[in-house]
Asker: 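Below you'll find the structure I mean.
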Amino acid sequence: MRIAAFGIHHETNTFSTFQVDLQAFQSSGLQREGILRGDQIREFHGDTESCFGGYFEAADKYGFELVPLLFAATDPAGTISSEACESILGEALQMLRDQGPWDGVILNQMGAAVSQEFPDMDGEVARRTRELVGPDVPVIMTLDLHANVSQQMADETDALFIYRTNPHLDARPLAVKACKILVKIINGEIDPVSALEMPPMVISIMKQDTSEEPMTQVIDAVVEAQDFADIVDTSTGEGYPWSDVNECGTAFYALADGNPEAARNAARYMAQRAWSLREELSAESGPSAADAIRDALATPEGPVLLLDAGDNIGAGSAGDSTFILQEALKQGATSYLTTIRDTEAVATCVNAGIGSDVTLKIGGKQDDLHGEPIEVTGKVVTISDGKFEDPEPTHAGWRYFDGGTTVVLQTTAGPTIVLVSTRVGNVTRQQFYSLDLRPEEFHIIVAKGVVSPRPAFQKISKKMIVVNTAGATSAALSSFDYRRRRRPLYPFEPDAAYPSD
Ligand SMILES: [Zn+2]
């Protein structure tokens, strides 16, 4: 049994000012080797907790030949250029054409990719794959929990599988499960029929941790529905709010064995449960930067973890926001650790050299969404190539990171600033350990994200505060100019109704 696997992994923030071109895939903070082909995929993903890690495990376990074709991934950012989409997808499809025939195909997608041409790029990947292999070769897709699942994605595949945890620590087991079901589909043991329900609602980033109420209740419904008669598997896509596309929002997917009505009922059951919780699920919460710093400074024992919601790198922001830093300096915080992406400042520090004293403006340079550049004076303590590795499970199972040339700047005011060159998220303490910094020893740690930093930093923190900052990933969704999302959509249109029939 020969099964092909490829993927183009991207979460597209259509409000981000970063355009994603081919170069962005070739120099990614998440995948330091750029676009991977063939055996390179096993080399860099075989021993990770990512989906590819799971496909390889399943191949050994269920006795099929996994043929990894191509894997392109880059950090969440703006819309993917048509050129990048066509070049990467074209190459993957050519490999699929040249190396067949296949018993099955696995698509490793994130699920919220938008290209200039295709608002539902994941659906387009599925459509062209189906067109190429024909109707008789099973095609499945594994997805991130933040997928904006479309009807096209459901229609053009035999089955969709989505992580169930956020932070995403289950990518590998999810992928193993998906492969197990794929093998059954190939062997004719399951006749896959599916249903997708898209209640008109968006879940706030503040409410997307699957271990916290009320999201736990939504996941409970997904787990319950999986045990309904004739149901093979169930999923929810929490949705990714900053993709301004028709399918932006929450979706529920049920896969049944030969029973379309069972699939429909299970999908509706899950969707109905989420819909009844829509008010709590869409609530935006959290203090301002000023209040968060005040609270942190008043907390006797640290570290206090501040999660910068508006500069959520894993959701496509700039990584150079200065709103919290500005408050920290204003209120006199000294034991303070943060990253700021600023290639210009990195260059200045590298030119000055280790041990030099510098005065420079940092951050707030990408756009006008993330605060003003701030002038600081300090000493260049460390210069590194910015590469770090975490073999432990991280968000979505990434292991080999690349922050680009990185500088540790010890400011005279107190805060320790890690200046990075790429927008790599704060999802592992190894980012700091690799620079001889121990986040455990700081009173305040700022992580630019909401949920993805939690596995790494929550366990060493005495307190965690989600800071409701402005930025390209602000929780205040009404501040964005949506043009393409469906309407009505709750909470934008509070009178949205479901079910519509
Ligand atoms: Zn995600």
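Only heavy atoms go into these numbers, but all of them, side chains included; no hydrogens, no water, no symmetry mates. Just so you know, residue 1 is the first one in the sequence shown, and it goes up from there. Remember, it's 1-based here, ligands and their atoms both numbered in the order they're listed. This one's a predicted model, so the numbers in the text were calculated from it and none came from an experiment.
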Asker: Please find out if less than 6.0 Å separates the ring center of Trp242 from that of Tyr240.
Answerer: yes
Asker: In degrees, rounded to 10 degrees, what angle do Asp144 atom OD2 and His168 atom NE2 make at the Zn ion (ligand 1)?
Answerer: 80°
Asker: Verify the distance test for His395 against the Zn ion (ligand 1): any N/O/S atom under 2.8 Å, yes or no.
Answerer: no
Asker: Are Asp402 and Lys387 ion-paired here, with the side-chain N under 4.0 Å from a carboxylate O?
Answerer: yes
Asker: So, of the N/O/S atoms that His146 has, which is the nearest one to the Zn ion (ligand 1)?
Answerer: ND1
Asker: Is Glu238 close enough that one of its N/O/S atoms sits under 2.8 Å from the Zn ion (ligand 1)?
Answerer: no
Asker: Does a donor on one side chain sit under 3.5 Å from an acceptor on the other, for Gln40 and His45?
Answerer: no
Asker: To the nearest 0.5 Å, how far apart are CG in Leu337 and CG in Leu305?
Answerer: 10.5 Å
